Amino acid sequence: MVTSETIQVKKTSKSRLSEVDFDNIGFGQIISDHMLISDYKDGEWSNLHIEPFGDLSFSPTILALHYGQIVFEGMKAFRTKGGNVSLFRIEKHYERFIRSLERMCMPVMSYRQFEEGLVNLITLDQAWVPNGEGCALYLRPFAFASEERFGVKISSEYKYIVFSGPVGPYYSKPLRVKVEDHYVRAARGGTGSAKCAGNYGASFYPAHLAKMQGFDQVLWTDGSPELNIEESGTMNVMFVIDGVLVTPPLSDSILDGVTRDSFLTLAHELGIHTQQRSIGAVELESALQKNILQEAFGTGTAAVAGAIQSIDIKGKDYSIPVPGENGVMNRIKNLLTDIRTGKAPDKYNWNTIIKISQ
Ligand code: COI
């Protein structure tokens with residue numbers, strides 16, 4: 001055991017790094033050497049440590065498996081042009097993690113614990129941070145109820161874990177989506193703005209049905225007669241209508257996306273007019289018919305931005321031009337990439353730089 005200030009570190013005796021083909025990393029399959037773990041018991045988070053990534057064993061009765069107290073984050077670290085590693089918007093991810101934990105009645109942790117854990121883990125596994133275009137080290141912090149008992153209750157014990165893995169681009173082509181007019185992802189007062197596991201599990205069936213109909217994803221609505229658009233698959237959604245970047249306003253049924261927020265900030269910097277307002281299916285269809293819907297795309301940590309090439313509204317399919325290099329989506333995406341990799345100034349203090357000794 002090596003001690004790094006407050007974190008106990010047990011290093012792997014056999015790194016798996018040399019087995020990885022960094023030219024073909026895909027998304028979500030390759031896991032780095034180590035993981036961070038902490039336990040919550042008797043009212044406090046303790047036993048913060050790093051160990052080799054591996055299986056865990058626990059009782060089939062742990063409460064997370066039955067009543068779903070599970071929340072997670074998705075974050076990215078990038079190789080900078082100087083060879084260091086840059087972790088993107090740790091504070092914003094922390095704030096959302098805390099809000100998700102609170103919504104699911106789970107104990108929060110201090111910013112220091114969150115930050116120290118991530119920085120130590122990334123420092124240890126820094127060789128896993130890829131430097132190919134569109135590539136990053138994806139970090140998955142998550143917490144779940146670990147009390148062993150099957151009576152329905154708020155758990156009194158939890159586990160917090162972070163593992164990571166190198167990832168490449170999420171979508172290989174522009175998406176075909178349909179406005180989902182039957183199922184909803186989230187309702188007012190529900191858990192839609194929390195990054196909790198159940199939101200994803202509940203979205204699979206409608207997404208599966210859409211896939212059977214030839215679509216890649218659904219456009220979620222608020223379930224009202226106006227069918228106000230909320231999200232696109234697992235991403236926030238943005239439209240460019242008559243030169244204006246329009247995105248639905250945050251609510252308790254929309255995830256406060258870190259990429260969404262970054263896109264709005266950078267749009268402002270680039271002089272692109274933005275509106276956070278409701279957009280219903282009728283307005284969307286009218287914009288498509290008048291050819292004033294110039295771009296549509298989703299934003300999220302995994303995909304960064306995923307272009308939408310067609311939208312189906314009640315059985316009518318409308319094509320949308322694929323955003324060009326000088327289009328709104330790509331101008332913002334390119335600036336974001338440059339900030340994260342140190343090619344453009346980090347005016348907003350979004351990057352936590354982890355210095356790597358060469
Ligand atoms: C993200 O964009 O990070 C997501 O939430 C999608 C996913 C990989 C869960």
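Along the sequence shown, the residues carry numbers beginning at 1. Every number for a ligand or one of its atoms is a count from 1 in the order of the listing. Remember, predicted model here, so these are calculated numbers, not experimental data.
In the model, Ser46 has no side-chain atom that pairs as donor or acceptor with a side-chain atom of Glu44 under 3.5 Å.
Counting heavy atoms closer than 4.0 Å to ligand 1, residue Lys195 contributes side-chain atoms (C-beta onward) but none from N, CA, C or O.
Between the side chain of Trp45 and the backbone N or O of Asp39, no donor-acceptor pair lies under 3.5 Å. A donor-acceptor pair is defined here as one N or O able to donate and one able to accept, closer than 3.5 Å; such a pair exists between the side chain of Thr123 and the backbone of Val119.
Contact between Leu101 and Val108 at its shortest, heavy atoms only, is CD1-CA, 3.9 Å.
With ligand atoms numbered from 1 in the order given, ligand 1 contributes 5 (O), 9 (C) to contacts under 4.0 Å with heavy atoms of Tyr200. In the vicinity of Tyr138, heavy-atom distances shorter than 4.0 Å reach the ligand 1 atoms 3 (O), 8 (C). The atoms of ligand 1 that sit less than 4.0 Å from any heavy atom of Gly300 are 2 (O).
With Glu73 as the partner, the side-chain hydrogen bond (donor to acceptor under 3.5 Å, both in side chains) test is satisfied by one option alone out of Arg140, Lys195, Arg96: Arg96.
Nearest protein neighbour of atom 6 (C) of ligand 1, counting heavy atoms only, is Thr234 OG1, 3.6 Å. Shortest contact from atom 1 (C) of ligand 1 to any protein heavy atom: Ala302 N, 3.4 Å.
The aromatic rings of Phe88 and Trp350 sit perpendicular to each other, their planes meeting at more than 60°, with 30° as the lower class boundary.
Polar contact check, Thr301 against ligand 1: a nitrogen or oxygen pair lies under 3.5 Å apart.
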